[in-house]
Amino acid sequence: DQAVSDDQPVVMLGGSFAFVNICDVLEKLGRSWQLPEGSRTLDGGGFKGRSRVVRAGELRSAITKTFGIPAERAFNVFGMTELASQLYDANGREIGPLDERPKRNLPFLQARVRDSYTLAYRDRGEGLVEIMDSCIIDRPHRVLTGDLGLASEDGVAIIGRVERGQARGCSLSLESIKF
């Protein structure tokens, strides 16, 4: 409410599924906002292993309906504790089976797809995601992740986990973490 009254753009960061939950609750309460021009969201973690699967496009629509932030200002981030950098949406093109967008490669950070059987690089199609992060200086800088990707001319869309891949990082719920 304060941001709207002050006409101050905001950036909201959170887990993908947290955005789904907050949009659901606010819709039930009949609450919504038209946040100021320049506001945006940044969600991460995806929906792997959740009780319900939500298309990325549905999440962006819910964010627009709840917060008045256009879909082109609702970004997704991919990160891992093994990396020093994160990958962000390259553009608004939805190329994945659940409307996932390709991630932008940078000179120091590149996602590529490898064939699941031969491990050869693929310029198009589905396979295992490998990330090269040259900002890592104290350990290997290439990581073959447990994620599936879809290679395209715009980058790699992260479309899920390999079968029997364990949920990690933002994909874990707090109650599943053993302390």
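If you're wondering where the values come from, they're calculated on a predicted model, not measured in any experiment.
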Discussion item. If you compare all heavy atoms of Cys135 against all heavy atoms of Ala84, which two are closest, and at what distance to 0.1 Å?
Written reply: CB-CB, 3.9 Å
Worksheet item: Should we count CG of Asp123 as having more than 12 external heavy atoms under 6.0 Å?
Response: no
Response to the item:
The salt bridge (Lys or Arg N to Asp or Glu O under 4.0 Å) partners of Glu94 (sequence neighbours excluded) come to Arg60
Worksheet item: Checking side-chain contact (heavy atoms from CB on, under 4.5 Å) for the pair Arg142/Arg112: CA distance, chi angles, key distance, verdict?
Response: CA-CA 10 Å; Arg142 282 190 195 276; Arg112 297 193 63 190; 5.6 Å; no
Discussion item. Hydrophobic clusters here meaning ILVMFWY residues chained together by side-chain heavy-atom distances under 4.5 Å, can you tell me if Ile158 and Met132 are in one?
Written reply: no
Worksheet item: Under 4.5 Å between side-chain heavy atoms, hopping through other hydrophobics if needed: is there a path connecting Trp33 to Val11?
Response: no
Fill in: Within one Ile-Leu-Val-Met-Phe-Trp-Tyr cluster: Ile63 and Leu42, side-chain cutoff 4.5 Å
no
Worksheet item: Does CD1 belonging to Ile137 count more than 12 external heavy atoms closer than 6.0 Å?
Response: no
Discussion item. The test is side-chain contact (heavy atoms from CB on, under 4.5 Å); show your working for Val4 and Leu35 and say whether it passes.
Written reply: CA-CA 6 Å; Val4 172; Leu35 291 173; 3.9 Å; yes
Discussion item. Around atom CD of Glu37, are there more than 12 heavy atoms from other residues, nucleotides or ligands closer than 6.0 Å?
Written reply: no
Fill in: Asn105 and Val156, any side-chain heavy atoms less than 4.5 Å apart
no
Discussion item. Is there a side-chain contact (heavy atoms from CB on, under 4.5 Å) between Val113 and Leu150? Walk through the geometry before answering.
Written reply: CA-CA 7 Å; Val113 170; Leu150 183 62; over 6 Å; no
Discussion item. Rounded to the nearest 0.5 Å, what separates atom CD in Glu100 from atom CD1 in Ile159?
Written reply: 6.5 Å
Discussion item. Quick one, Val143 with Asp133, criterion side-chain contact (heavy atoms from CB on, under 4.5 Å). Give me CA distance, side-chain angles, the key distance, then yes/no.
Written reply: CA-CA 8 Å; Val143 177; Asp133 184 352; over 6 Å; no
Worksheet item: Got a second to check how far Asn21's CG is from Ser16's OG, nearest 0.5 Å?
Response: 11.0 Å
Worksheet item: Can you find a heavy atom in the side chain of Thr66 that is under 4.5 Å from one in the side chain of Phe19?
Response: no
Item to complete: Calculate, to the nearest 0.5 Å, the distance between atoms CG and CD1 belonging to Asp154 and Ile95 respectively.
Response: 7.0 Å
For residues 70-80, which side-chain N or O atoms pair as donor and acceptor with protein atoms under 3.5 Å away, sequence neighbours left out?
unit_1	atom_1	unit_2	atom_2	d
Asn76	OD1	Lys103	NZ	2.8
Asn76	ND2	Asp43	O	3.2
Asn76	ND2	Asp43	OD2	2.8

Discussion item. So, using salt bridge (Lys or Arg N to Asp or Glu O under 4.0 Å) as the criterion, who are the partners of Asp1 when residues are at least two apart?
Written reply: Arg31
Response to the item:
Rounded to the nearest 0.5 Å, the CZ atom of Phe67 sits from the OG atom of Ser39 at a distance of 10.5 Å
Discussion item. Strictly distance-based, threshold 3.5 Å: is any side-chain N or O of Arg101 a donor or acceptor partner for the main-chain N or O of Ala56?
Written reply: no
Fill in: Flag side-chain contact, heavy atom, 4.5 Å: Thr64 against Ile69
no
Response to the item:
Taken to the nearest 0.5 Å, the spacing of Cys23 SG from Leu59 CG works out to 6.5 Å
Discussion item. Please find the pair of heavy atoms, one from Ser116 and one from Gly127, that lie closest to each other, and give the distance.
Written reply: OG-CA, 4.0 Å
Worksheet item: If you measure from CD1 on Ile22 to CD on Glu27, what distance do you get to the nearest 0.5 Å?
Response: 12.5 Å
Worksheet item: In the single-linkage hydrophobic clustering (I, L, V, M, F, W, Y; side-chain heavy atoms under 4.5 Å), do Leu106 and Leu83 co-cluster?
Response: yes
Discussion item. Taking the side chain as everything from C-beta on, heavy atoms only, tell me whether Pro102 gets closer than 4.5 Å to Asn91.
Written reply: yes
Discussion item. Is there a path of hydrophobic side-chain contacts, each under 4.5 Å between heavy atoms of I/L/V/M/F/W/Y residues, joining Val129 to Phe108?
Written reply: yes
Worksheet entry | Shortest non-hydrogen contact from Arg104 toward Asp89 | NH2-O, 3.5 Å
